[in-house]
Amino acid sequence: MEYNKEIKNRLKRIEGQIKGVLGMMEQGKDCKSVVSQLSAARNAIDRAIAVIVSTNLEHCLRESMEKEESTDSLVKEAVELLVKSR
């Protein structure tokens with residue numbers, strides 16, 4: 001699977017968030033602010049995972065349907081990936 005520009009940009013923004021948290025720690029920001037920013041980064045990571053899994057699933061489903069293969073295992077695998085990521 002080829003990862004598109006949107007997914008890479010999401011990850012770059014997450015990287016920026018993490019660097020921002022490190023900066024907050026170096027500045028001695030309070031715990032509540034740091035945890036809030038870490039929570040925002042975690043939510044962004046969860047969304048990135050969902051986009052990657054759904055994009056991959058769509059790609060795999062299209063390929064399987066073109067070959068007239070069963071898609072049950074693909075959907076099951078995608079669901080398992082999402083559950084494991086939580």
Side-chain angles (χ1 to χ4, degrees):
M1 181 181 127
E2 186 176 316
Y3 297 100
N4 65 29
K5 198 172 193 173
E6 175 195 353
I7 293 170
K8 291 176 185 176
N9 286 338
R10 281 178 182 267
L11 294 176
K12 287 177 184 178
R13 286 194 302 271
I14 293 167
E15 180 181 28
Q17 285 180 296
I18 298 299
K19 286 180 180 179
V21 171
L22 288 170
M24 291 173 68
M25 291 175 160
E26 289 173 6
Q27 295 169 12
K29 297 289 183 179
D30 64 283
C31 175
K32 184 176 178 181
S33 297
V34 170
V35 170
S36 177
Q37 288 303 309
L38 283 172
S39 179
R42 179 179 55 202
N43 290 337
I45 290 170
D46 287 343
R47 286 191 303 276
I49 289 169
V51 169
I52 291 169
V53 171
S54 65
T55 302
N56 184 63
L57 176 59
E58 180 182 2
H59 173 78
C60 292
L61 287 172
R62 288 182 194 276
E63 282 185 351
S64 289
M65 291 169 73
E66 286 174 5
K67 296 176 185 176
E68 298 181 8
E69 298 174 345
S70 173
T71 58
D72 294 345
S73 64
L74 296 172
V75 174
K76 182 179 177 185
E77 183 180 352
V79 170
E80 287 174 2
L81 277 173
L82 291 172
V83 169
K84 283 181 185 178
S85 72
R86 296 302 304 162

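If you're wondering where the values come from, they're calculated on a predicted model, not measured in any experiment.
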Practice task
Not counting sequence neighbours, which residues clear side-chain hydrogen bond (donor to acceptor under 3.5 Å, both in side chains) with Glu58? List them please.
Solution key: Arg62

Handout entry: CG-OG distance between Leu81 and Ser54, expressed to the nearest 0.5 angstrom
Key = 11.5 Å

Problem - Rounded distance (nearest 0.5 Å) linking atom CD of Gln17 with atom CZ of Arg42 - result: 12.0 Å

Practice task
Find out whether Asn56 and Val53 are in side-chain contact, i.e. whether some heavy atom of one side chain is under 4.5 Å from a heavy atom of the other.
Solution key: no

Exercise for the section: Please check if Met25 and Ile18 belong to a single hydrophobic cluster, counting links between Ile, Leu, Val, Met, Phe, Trp and Tyr side chain heavy atoms closer than 4.5 Å. Expected result: no

Exercise for the section: Please report the shortest heavy-atom distance between Val34 and Lys29, naming the atom on each side. Expected result: CG2-O, 4.1 Å

Handout entry: Set of salt bridge (Lys or Arg N to Asp or Glu O under 4.0 Å) partners for Glu80, sequence neighbours left out
Key = none

Handout entry: In one Ile/Leu/Val/Met/Phe/Trp/Tyr side-chain cluster, 4.5 Å: Val21, Ile14
Key = no

Handout entry: Same cluster (ILVMFWY, side-chain, under 4.5 Å), Val35 and Met24
Key = no

Exercise for the section: Nearest 0.5 Å please: distance from the OG1 atom of Thr55 over to the CG atom of Asn4. Expected result: 6.0 Å

Practice task
Mind checking the CD1-NZ spacing from Ile7 to Lys5? Nearest 0.5 Å is all I need.
Solution key: 13.5 Å

Exercise for the section: For Ser85 and Asp46, work out which heavy atoms get closest and say how close. Expected result: O-OD1, 4.4 Å

Exercise for the section: Please report the shortest heavy-atom distance between Ala50 and Leu82, naming the atom on each side. Expected result: CA-CD2, 4.1 Å

Handout entry: Separation between SG of Cys60 and CD of Glu63, rounded to the nearest 0.5 Å
Key = 6.0 Å

Practice task
Could you tell me whether a side-chain N or O of Ser36 sits under 3.5 Å from a main-chain N or O of Ser33, the two making a donor and an acceptor?
Solution key: no

Exercise for the section: State the CD1-CG distance between Ile52 and Leu11, to the nearest 0.5 angstrom. Expected result: 5.5 Å

